[in-house]
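Chain A is the first sequence line, chain B the second, and so forth, proteins listed ahead of strands; every chain is numbered from 1. Since we're looking at a predicted model, the values are computed, not measured.
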Number of protein chains: 2
Amino acid sequence: MGKTLRDSSKDAAAAATLRLRHAGLRPTRQRVELASLLFKNCDRHVTAESLHDEVTDAGLKVSLATVYNTLHQFTEAGLLRQVIVDSARSYFDTNTGDHQHFFLESEGMLIDIPGESIAVAGVPAPPPGLSVDRVDVVIRVKRA
Amino acid sequence: MGKTLRDSSKDAAAAATLRLRHAGLRPTRQRVELASLLFKNCDRHVTAESLHDEVTDAGLKVSLATVYNTLHQFTEAGLLRQVIVDSARSYFDTNTGDHQHFFLESEGMLIDIPGESIAVAGVPAPPPGLSVDRVDVVIRVKRA
DNA sequence: AACGGGATTAGAACTATTCTAAACTGTGAG
DNA sequence: CTCACAGTTTAGAATAGTTCTAATCCCGTT
């Protein structure tokens, strides 16, 4: 028989707990709740503010400071990736694989572009003493 | 005969004044001083703070608010280009042509990469209703 | 020289983010 | 099962970068 809503919520929590343990993070209530929201569905892009609103709207109580802490810890642990496209706010991406982004600045919207589809050629060697850490491509788009 | 230091300073100011008029900006003392610093030498990358320090160290008096206003007006007028690589501060680039950047985050240093040398292939068509505004490539580097 | 509108300014205000210090809680030992 | 403690959370203060405000100033025209 199908699972009830409560079951799937429990499942998400259980999965989140596992994921946290794997990452070496203690599965506190707040971290489990945030991880459940972040990783339940498909790839997502959030800001601290948007995630805080979301968790609050869900009737859960997590402070904004904890949302910031958690986003950074998750990023540190490789569960999230920070996307820098706007000098006003930070975005975090649940897709940590190789990919790039469309960015619609007027609406703060990010859209993934699979890594395989984009190729960057002709990158010169970095100046002596420096090594390449990552290549970021941002396709800035606007409403046609 | 060679020009004196005072002459070349005057030249820079005269050139800056012309450049401002061409861009449709009134050549005020502050704008001329900032433009002289920005465009006297080769390509430069500045932040509001760094430019304010520079103009202050030169013994000139320009408020930080004016530096911000001016950077935005220059950008608007196509004299500068804003570079988004850091979610904590804004960089402005005197090179407005087609090019990309190395970014050494730990030192807030930007290095130009000529546009011809880099090619981005395989960019998918943007979602319906959106059009590509610009393609930014940032090569994040670290001390080897 | 006087005028008018844009430009500049100091300082307040604002936004996103980080810090602080106190209260709380998961976890392993007993 | 309970205790203790290190790690976590929290409210609120603090900070950094940037923008706003409203008064003053000055460039270009008359």
>> Would the distance check show the side chain of B/T56 and the main-chain N or O of B/H52 forming a donor-acceptor pair, the cut-off being under 3.5 Å?
In response: yes
>> What range of DNA chain C does chain A touch, first nucleotide to last, counting atoms under 4.0 Å from its heavy atoms?
In response: C/dA16 to C/dT27
> More 5' along DNA chain D: B/T28 or B/A88, using each one's nearest nucleotide?
Replying inline: B/A88
> Within a reach of under 6.0 Å around CD of A/E76, are more than 12 heavy atoms found that belong to other residues, nucleotides or ligands?
Replying inline: no
>> Is the positively charged end of B/R19 above the ring of B/F39, judged by distance under 6.0 angstrom from the centroid and angle within 45° of the axis?
In response: yes
> Given atom NZ of B/K61 and atom C1' of D/dC26, what is their separation to the nearest angstrom?
Replying inline: 15 Å
> How close do A/L38 and A/L80 get, heavy atom to heavy atom, and via which atoms?
Replying inline: CD1-CD1, 4.2 Å
> More 5' along DNA chain C: A/Y91 or B/V62, using each one's nearest nucleotide?
Replying inline: B/V62
> Contacts to DNA chain D from residues 63-86 of chain B, heavy-atom cutoff under 4.0 Å, which residues?
Replying inline: B/L64, B/A65, B/Y68, B/H72
>> So for atom CD, which belongs to B/E54, do other residues, nucleotides or ligands contribute more than 12 heavy atoms lying within a distance under 6.0 Å?
In response: yes
>> Rounded to whole Å, how long is the line connecting atom CG of A/L25 with atom C1' of D/dT8?
In response: 11 Å
>> What contact category does A/S90 fall into here, base, sugar-phosphate, or nothing, at under 4.0 angstrom with non-hydrogen atoms?
In response: sugar-phosphate
> Would you say the side-chain atoms of A/T70 and A/Q30 include a donor-acceptor pair closer than 3.5 Å?
Replying inline: no
> How do B/P27 and B/T47 order along DNA chain D: which one's closest nucleotide is nearer the 5' end?
Replying inline: B/T47
>> So does B/V62 get a backbone contact from the side chain of B/T66, meaning a donor-acceptor N/O pair under 3.5 Å?
In response: no
> Between the main-chain N or O of B/L37 and the side-chain N or O of B/R44, is there a donor-acceptor pair closer than 3.5 Å?
Replying inline: yes
> Rounding to a whole Å, what distance do you find between A/R89:CZ and D/dG17:P?
Replying inline: 18 Å
> Would you say the side chains of A/H99 and A/D93 form a donor-acceptor pair under 3.5 Å?
Replying inline: yes
> Looking just at side-chain N and O atoms, do B/D112 and B/H45 make a donor-acceptor pair shorter than 3.5 Å?
Replying inline: yes
> Is A/E107 salt-bridged to A/R143, going by a charged N under 4.0 Å from an acidic O?
Replying inline: yes
Give me, pair by pair, the N or O atoms of the protein and of nucleotides 5-7 of chain D that are less than 3.5 Å apart, along with how far apart they are.
{"unit_1": "D/dG7", "atom_1": "O4'", "unit_2": "A/R26", "atom_2": "NH2", "d": "2.8"}

